[in-house]
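Counting starts at 1 for both ligands and their atoms, following the listed order. Throughout, numbering of the chain's residues begins at 1 and tracks the sequence.
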Amino acid sequence: MPTTTPANKIKIGWFSFSCCEDNTVVMTEVMNDHWEEWKQIFDFRHVRVLKSKNIMDSFDIAFIEGAMAGPEQEEQVTKIRGISKKLVAVGACAITGLPSGQRNNFSEEQKASIDFLVTRFGGLPSVKKVSDVVKVDVEIPGCPMDPKVFLEKVNGLVAELRAV
Ligand code: SF4
């Protein structure tokens, strides 16, 4: 597999954190209709749902779904931010932290009853949305994301990156 990207291709990363990964399903459904066009313009550099050998070097657009529930996720998204021109938060979990972070809204009694689990799995004291950790350039809301808005935002980013 080549590790270099043709100059005319836009490098894509797609990453899933704490969530149900429904945005990934939506993305692959949209891809069914746009594969011929996308394979001409995108280098799917790190998209685990599409391939097993992924490259983590730099991205033109990095899509992030899911909330940040543990410190290793904070580290990972910070690393991704550092190697990406544009970072896109996809879906409610990434943008608001919910519903994945519903433990944030538990009563004190409920929180006390799950403390041992948070500790056992090395969780953060509270679950964070992506923008709590890194700068987000574009948001695609919904639970899961709206396919039409996804396409609009993708096309807008492609036009923006091509204009540079
Ligand atoms: S926003 Fe909704 S659909 Fe998307 S990952 Fe979270 S729970 Fe799943």
- Nearest-0.5 Å distance, SG of residue Cys143 to CG of residue Leu98: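 Atom-to-atom, Cys143:SG and Leu98:CG are 9.5 Å apart.
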
Distance filter under 4.0 Å to [X] heavy atoms, resulting ligand 1 atoms:
{"X": "Asn23", "result": "4 (Fe), 5 (S)"}
{"X": "Pro144", "result": "3 (S)"}
{"X": "Pro99", "result": "7 (S)"}
{"X": "Cys19", "result": "5 (S)"}

- Pick, from Ala67, Ser18, Cys93, the option with the minimum heavy-atom distance to atom 1 (S) of ligand 1.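 Result: the heavy atom closest to atom 1 (S) of ligand 1 is in Cys93.
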
- Message: Under a 4.0 Å threshold between the charged nitrogen and the carboxylate oxygen, would Asp137 count as salt-bridged to Lys153?
- Response: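 Judged by the 4.0 Å cut-off on N to carboxylate O distance, Lys153 and Asp137 do not form a salt bridge.
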
- Would you call Arg45 and Asp43 a salt bridge, using N to O less than 4.0 angstrom?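 Here Arg45 pairs with Asp43 in a salt bridge, since their nearest N and O are under 4.0 Å apart.
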
- Do any of the N, O or S atoms of Cys20 sit under 2.8 Å from atom 2 (Fe) of ligand 1?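 Within the cut-off used here (under 2.8 Å), Cys20 places no N, O or S atom near atom 2 (Fe) of ligand 1.
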
- Task: Dump the intermediate steps for ring pair (Phe, Tyr, Trp, His ring centres under 6.0 Å) on Phe15 and Phe59, then the final yes or no.
- Result: CA-CA 12 Å; Phe15 300 91; Phe59 305 106; 5.5 Å; yes

- Message: Students should be able to answer this: which protein heavy-atom is nearest to atom 2 (Fe) of ligand 1, and at what distance?
- Response: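 Here the closest protein heavy atom is Cys143 SG, 2.2 Å.
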
- Message: Hydrophobic clustering (ILVMFWY, side-chain heavy atoms < 4.5 Å, transitive) - are Ile61 and Val154 grouped together?
- Response: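 Linked, Val154 and Ile61 end up in one cluster.
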
- Item | Test item: Glu65 and Glu21 side chains (from C-beta on) under 4.5 Å apart, heavy atoms |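 Side chain of Glu65 against side chain of Glu21, heavy atoms only: contact under 4.5 Å found.
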
